[in-house]
2 protein chains.
Amino acid sequence: MGTVGKALELLDLFTRVRPQLGLSDVSRHSGVNKATCHRLMTELQAYGLVEQVEPSREYRIGPAVLRLAALREETVPYKSIVQPVLVEATERTGESAHVSMLVGGRVELISFAYAQRHGTRVILHDAETLPFHATSSGLVILAHSGPALQKEVLGRPLPALTPQTETDPARIRARLETIRVQGYAESVGAFENDVHSFAAPVFASQGDCIAALAIAAPATRVTPALRDEMIAAALKGADDLTLKWGGRPPERAAPATIDAY
Amino acid sequence: MGTVGKALELLDLFTRVRPQLGLSDVSRHSGVNKATCHRLMTELQAYGLVEQVEPSREYRIGPAVLRLAALREETVPYKSIVQPVLVEATERTGESAHVSMLVGGRVELISFAYAQRHGTRVILHDAETLPFHATSSGLVILAHSGPALQKEVLGRPLPALTPQTETDPARIRARLETIRVQGYAESVGAFENDVHSFAAPVFASQGDCIAALAIAAPATRVTPALRDEMIAAALKGADDLTLKWGGRPPERAAPATIDAY
DNA sequence: GTTGTCGGTTCATTATTTGAACCACTGGTT
DNA sequence: AACCAGTGGTTCAAATAATGAACCGACAAC
C-alpha cells in the first residue's frame, strides 16, 4: 500500500466510541511512527478530512466529508433508494431493518429503519463497522464474495463479542457454504446478546455482492412465523435493491419458507 | 504538498456538474501524469473514497464518504445546529438562507433553507463550491481571514461569472476593508444574475472566521426595508452560530439598520 | 486498414517518505 | 524546586516510494 492508503487508514481510527484522537493516540493505535502520523494528519487536515480541535489539539473528522457526502448522494442516491425499501421491510415484519455495504474491505452500516410496532427494538447506529464473522450481514456478504476476501477475513483474529460468537475459521467457512446455498444468513446473539437477525445479499451490476439487507429482532420475539417473515422480507428487500442498483437478482429455488415471497 | 494532498486534490475534480470522470479526464483536468493518476485513483478506490462504475470504468465519489459523514455529524452536529438557525432566518425574511464553510481553502455550501413565502426564490445546491470574489459569503469570509488567504485568492485569476462580477483584485481588496468595518458583505448579481445577497461571518473558538451565513433574494424583490431585514437576519444568524460553535461574536457598533436586531 | 481514443502497465530515474532522536511544553508527584 | 511521564511537534540522513515517457491491447470512427 502506498502513502495515500496509509494516510486514509488513519481515518479508520476514528469511530463513534472514539471520535477524537491526539497525535500520540493515532501513532499508538495505528502502529505508525509519530512523525509520520503527524505529517499524514497534517495533509489530511489541509484537505479538511480531519481537523484539530483546540485547545487539546486532538484530531477529529473534518468538514470536507460534508461536501463529498452531499456529492455522493447526488451522484448515487443510495440512501434515498434504500430508505423506502427498508421502510417496507420494517412495516412487513415489525422489526428493525438495515443495509450495510462492503467498502474498503469492511462492512459499513449505511442506513437503517425502525418499526413502530413494538416497545423494544434493536437499536442501530450510523457509521458503524460490522464484524464479518459475528453478524448476518457480514456473513452473507462474505459467503457471496471471492475466496480472496474470505481468506483474508478468516485469517485475522476473530474476537468473541458474545458467548455465542463463532470464532473457529473452519466452522465459519462451512457455514458460508450453507449460507450461499440458502441465499441468506442467520445470526443469533453473535454480535449482541439477544439479537436475532437475518441478512440477504445485494448484488451490483457486475454480479459482485456489495451489500446486505438485514432484519434484526430481539431474540425472544422470534417465533417460527416471524422467522419465516423476516427471511422473506430480507430476501425481497435485497432483491429490490439489487434491481434498483442495476444488478440482476439471483434465481432462487423456492423452498417452503419463502412461499410468502 | 505531499502525495496524499495530491491524491485528495483529485477529489475536487468531481463536482455536481461533472460527477463522473474517466482516467484520462482526471489526468487532463488535474495536469497530473496519467500513470500517476491511475495509481492515486487506485489508492483512493481501495479506501472507497472513489469507485469505478462499469462498463465505462469512469470514477465517481465512493461509499466511504457515507461513514465519514455520519461520523462527522455525530461528532460535530454542525448540520443539525445550523438548520434551526437557517429556518429562523428564512422565516424572518421570507428569503432563502444558507451557510457555507471555509474548508481546505475553499468555500463550501454546507446547508440551506428555503422560505415558503414567495413563488420565486433563490435555489441552492448542496456540495457547491462558491467563488470567493463573486459571492457575499466568499467575500465576508475573505474579509475576516488572514492576509495569506487574501493574497492567495486575489492572486489567482478571477473569472467574471456575470457582467456584474468584480474582477479587479485591487478594487476587491478595497471592498474587503469596507466589509470588515460593516461586519457584513453584499453581492448583487455577481455570482448569478438577479440574485442579491448578504452574508455575515461566523467565528470559531479561536476567533478565526470559518463560515458565513448568507441570505439571498431575487434582486427585484429587495426593497430598502427588506434589505435592512436581510442584513439584520444575517448578522443575527451568524452570531447565533458563532455562539453555538463555541466562539465569541464580535462586538458591533449599532448602526440604524441593525436596530431591529 | 488507419487513426485516435480509451484504461492500464512498465521500469529506470528521481524525489519523497520514513523514523530514531530530539525539543519545548504541561501537569502531576516527590 | 526538581523530577518524571506525558503531550504535540521537528530534524535529517537513509531507505523507500512516487514519478512519467513510452508502451500495450481494446474499442470506435472513418
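Labels below follow one simple rule: chain letters A, B, ... track the order of the sequence lines, proteins then strands, and each chain is numbered from 1.
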In whole Å, I'd like the distance from the [atom1] atom of [X] to the [atom2] atom of [N].
{"X": "L23(B)", "N": "dG25(D)", "atom1": "CG", "atom2": "P", "answer": "19 Å"}
{"X": "M41(B)", "N": "dT9(C)", "atom1": "CE", "atom2": "C1'", "answer": "17 Å"}
{"X": "R39(A)", "N": "dA17(D)", "atom1": "CZ", "atom2": "P", "answer": "12 Å"}
{"X": "Q20(B)", "N": "dG7(C)", "atom1": "CD", "atom2": "C1'", "answer": "15 Å"}
{"X": "L40(A)", "N": "dG19(C)", "atom1": "CG", "atom2": "C1'", "answer": "12 Å"}
{"X": "M1(B)", "N": "dT19(D)", "atom1": "CE", "atom2": "P", "answer": "11 Å"}
{"X": "L8(A)", "N": "dT17(C)", "atom1": "CG", "atom2": "C1'", "answer": "16 Å"}

Examine [N]: is either OP1 or OP2 under 4.0 Å from a nitrogen or oxygen in the side chain of [X]? Give yes or no.
{"X": "R57(A)", "N": "dG9(D)", "value": "yes"}
{"X": "T36(A)", "N": "dT17(C)", "value": "no"}
{"X": "Y59(A)", "N": "dT7(D)", "value": "no"}

Review point. Between Q52(A) and T3(B), which is nearer to the 5' end of DNA chain D once each is assigned its nearest nucleotide?
Key: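 Whichever sits nearer the 5' end wins; that is Q52(A).
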Check your understanding: So which one's nearest nucleotide on DNA chain D is more toward 5', A35(A) or E43(B)?
Key ->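 The 5'-side residue here is A35(A).
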Point to revise | Side-chain donor/acceptor of Q150(B) to backbone N/O of S145(B), under 3.5 Å | key: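 Answer holds: yes.
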Point to revise | Residue closer to the 5' end of DNA chain C, R28(B) versus N33(B) (nearest nucleotide) | key: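 Between the two, 5'-proximity favours R28(B).
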**Study point:** Test: E51(B) and R72(A) ion pair at under 4.0 Å
**Key:**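 Here E51(B) pairs with R72(A) in a salt bridge, since their nearest N and O are under 4.0 Å apart.
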Review point. Less than 4.0 Å between a side-chain N and a carboxylate O, is that true for K6(A) and E9(A)?
Key: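 No, this pair does not count.
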Practice item. Indicate, with a heavy-atom threshold strictly under 4.0 Å, whether E58(A) touches base, sugar-phosphate, or nothing. Key: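 The answer is nothing, as E58(A) stays clear of every strand by at least 4.0 Å.
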Check your understanding: Does F203(A) have its ring centroid less than 6.0 Å away from the ring centroid of W245(A)?
Key ->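 F203(A) vs W245(A): aromatic centres not under 6.0 Å.
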Review point. Are a donor atom and an acceptor atom from the side chains of Y59(A) and D25(A) found within less than 3.5 Å of each other?
Key: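 Checked: Y59(A)/D25(A) side chains show no N/O donor-acceptor pair below 3.5 Å.
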Check your understanding: Hey, is the side chain of K34(B) pairing donor to acceptor with the base of dG20(D) inside 3.5 Å?
Key ->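 A donor-acceptor contact between them is absent.
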